Structures are given as structure tokens and as C-alpha cells.
A.B. asks: 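First the structure, which I've put down as C-alpha cells, then a few questions once you've had a look.
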Amino acid sequence: MQQMWTEIDSFIDSHLIPNDPILEQTLENTAAKGFPDHLAVAPNQGMLLQMLIQMNQCKRILELGTFAAYSTMWLARALPEDGYILTIEGRDTHAAMGQENIDKAQLPQTIDLKVGRAADVLKALPEDFEAFDFIFIDADKQSYPEYLELSLKFSHSGTIIFLDNVIRAGEILNPENHKPSIEGLRTVFKDMQNHPRILSCTALQTVGSKGHDGFALAIVK
Ligand code: DHB
Ligand code: MG
């Protein structure tokens with residue numbers, strides 16, 4: 001099935017995803033430096049992020065897990081010129097790649113890349129740090145439960161939280177899989193269930209060029 005999913009993603013992209021030199025340059029530069037491409041969002045998912053941000057006229061975005069900043073470019077595209085992104089990356093090599101791509105892009109929005117474990121960076125923010133309108137959780141899956149709680153701390157009523165990669169080819173249902181990443185995803189589903197600070201939430205499975213995975217989406221009460 002993978003080949004068909006990839007072909008259909010190409011079909012969708014060729015019709016609906018505009019060619020953007022900054023997005024292309026980001027992918028090309030990242031590949032040229034020898035980084036894998038499977039960690040990046042698919043273009044049609046990048047467009048979904050852009051649209052959620054546009055629909056809600058978000059101006060302040062938090063991203064956990066920058067990798068090479070390809071998703072960051074999608075987030076930035078959706079923002080007005082005075083928009084702000086705080087993006088956090090735990091691995092030095094990924095952060096260096098991400099910063100290089102951000103610098104090359106020369107976008108008008110403020111993109112603040114911080115290096116460190118996302119939870120530590122968030123805990124070090126001032127208590128009165130202005131809340132975010134949109135939060136993209138995409139760092140280590142093991143820590144998603146902690147990232148959800150910290151995200152809620154920096155949210156206002158109406159903040160949208162998008163959690164990437166919550167299905168992992170169905171591994172969340174494999175009783176033999178006790179990897180910390182998979183356990184983290186199981187826990188975050190339990191945490192979202194009837195959470196007092198979440199107005200509504202869902203998750204969708206996806207198939208495509210990145211295989212079988214999915215995302216969860218929550219609106220803060
Ligand atoms: C992985 C992580 C991601 O955030 C993603 O989108 C795809 C794969 C991974 O760790 O394998
Ligand atoms: Mg991801």
C-alpha cells in the first residue's frame with residue numbers, strides 16, 4: 001500500500017500545494033547535509049497546519065521539536081509579518097540544521113529557536129510569558145504527556161494544540177510494544193480524555209508518503 005499512498009500524496013501535492021522556494025530550499029539543504037526526510041511533516045500536512053493557523057488568526061506559535069525547521073517554515077507562512085514562533089529542539093545537530101534553514105529563509109516573522117529539552121526550556125520561561133495561540137507538539141513522543149501539561153500552562157481559551165505522530169503505524173495498539181515513546185502516546189490519550197482544560201479533542205489516522213500515522217488535535221477550554 002505504501003507505494004499507492006506515496007503516489008496519492010504526490011497527486012495531492014502537485015494539485016494543491018504551491019511551490020514555495022523557501023520550503024523547497026529547506027528540504028534540499030537538509031537532504032544535502034545528509035539528514036533523513038522521514039522526520040519532517042508531509043507537505044499536505046504542513047498545509048493543514050497553515051490552514052488551522054489561518055482559520056484562527058493565530059499570531060503566537062510554540063513548536064516542540066524543530067528538527068530541520070521544515071514544519072517551522074509552514075507555521076511561519078501562516079503568520080502575519082509580526083507573528084512570533086518559539087521553536088525548541090533537543091538535539092544539537094538538529095538545532096544547528098534548523099537554525100541554518102531559518103537563517104537562509106530570511107522570513108519577516110520572529111523565529112526564536114531554543115536548544116534544550118523542551119520541558120526544561122518551557123519550565124524556564126517566565127511565569128507571565130504571553131500565551132500561545134497555536135502549539136505544535138512534535139518532539140520526543142515519550143514526553144508528550146509532560147508536553148501537553150506544559151502546553152496548557154502557556155495556553156489561553158481557544159489555543160489549538162496539535163500533537164503529531166500519535167498512531168505510529170498502529171503500534172499504540174500492539175500489546176507487546178512497551179517502548180517509552182509508545183507508552184508516552186498511550187498516556188497522552190488517557191490524559192486528553194475528559195481533561196478539565198480541554199474543550200474538545202480528537203485524533204485522526206493518516207496514510208501517505210510518511211506511512212501510517214496520525215495526529216491529535218485539541219482546543220483549550
Ligand atoms: C519520527 C518523528 C516524527 O516527529 C515524525 O513526524 C516522524 C517520525 C520518528 O521519531 O521516527
Ligand atoms: Mg512529527
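Because the structure is predicted, anything quoted here is derived from the model rather than measured. Counting starts at 1 for both ligands and their atoms, in listed order. Along the sequence shown, the residues carry numbers beginning at 1.
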A.B. asks: To the nearest 0.5 angstrom, please state how far the CG atom of Asp133 sits from the OG atom of Ser155.
C.D. replies: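 Rounded to the nearest 0.5 Å, the CG-OG separation comes to 9.5 Å.
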A.B. asks: Can you tell which of Asn165, Asp213, Val41, Asp140 gets a heavy atom nearest to atom 5 (C) of ligand 1?
C.D. replies: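 It is Asn165 that holds the nearest heavy atom.
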A.B. asks: Is any protein N, O or S atom closer than 2.8 Å to the Mg ion (ligand 2), and if so, which?
C.D. replies: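 Only Asp138 OD1, Asp164 OD2, Asn165 OD1 fall inside 2.8 Å of the Mg ion (ligand 2).
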A.B. asks: Parallel, tilted or perpendicular: which describes the rings of Phe215 and Phe162, with under 30° parallel and over 60° perpendicular?
C.D. replies: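 Parallel.
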A.B. asks: Return the closest protein heavy atom for atom 7 (C) of ligand 1 as residue, atom name and distance.
C.D. replies: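 Here the closest protein heavy atom is His38 O, 3.3 Å.
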A.B. asks: Apply side-chain hydrogen bond (donor to acceptor under 3.5 Å, both in side chains) to residues Asn101 and Thr30 and explain how you reach the verdict.
C.D. replies: CA-CA 8 Å; Asn101 285 332; Thr30 306; 2.9 Å; yes
A.B. asks: Return each pair, listed once, that meets salt bridge (charged side-chain N to carboxylate O under 4.0 Å, His left out) where at least one residue sits in residues 194-221; pairs must be two or more places apart or across chains.
C.D. replies: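 Qualifying pairs, neighbours excluded: Arg168-Asp213.
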A.B. asks: Out of Asp164, Leu39, Asp37, Asp138, whose heavy atom is nearest to atom 10 (O) of ligand 1?
C.D. replies: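 The nearest heavy atom belongs to Leu39.
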A.B. asks: Between Lys210, Arg168, Lys141, flag the one that comes closest to atom 8 (C) of ligand 1 by a heavy atom.
C.D. replies: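 Of the listed residues, Arg168 has the closest heavy atom.
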A.B. asks: Does the side chain of Glu28 reach to within under 4.5 Å of the side chain of Lys33, using non-hydrogen atoms?
C.D. replies: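 Of all side-chain heavy-atom pairs linking Lys33 with Glu28, none is under 4.5 Å.
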A.B. asks: I'd like to know if Arg117 pairs up with Glu146 as an ion pair, taking the criterion as any Lys NZ or Arg NE/NH1/NH2 lying under 4.0 Å from an Asp or Glu carboxylate oxygen.
C.D. replies: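 Judged by the 4.0 Å cut-off on N to carboxylate O distance, Arg117 and Glu146 do form a salt bridge.
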A.B. asks: Side chains of Glu183 and Thr187 only: does a donor on one sit below 3.5 Å from an acceptor on the other?
C.D. replies: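 Looking only at side-chain atoms, Thr187 and Glu183 do not form any donor-acceptor pair under 3.5 Å.
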A.B. asks: With a 4.5 Å heavy-atom cut-off, do Tyr84 and Ile61 have their side chains touching?
C.D. replies: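 They are not in contact (no side-chain heavy atoms under 4.5 Å apart), so the answer is no.
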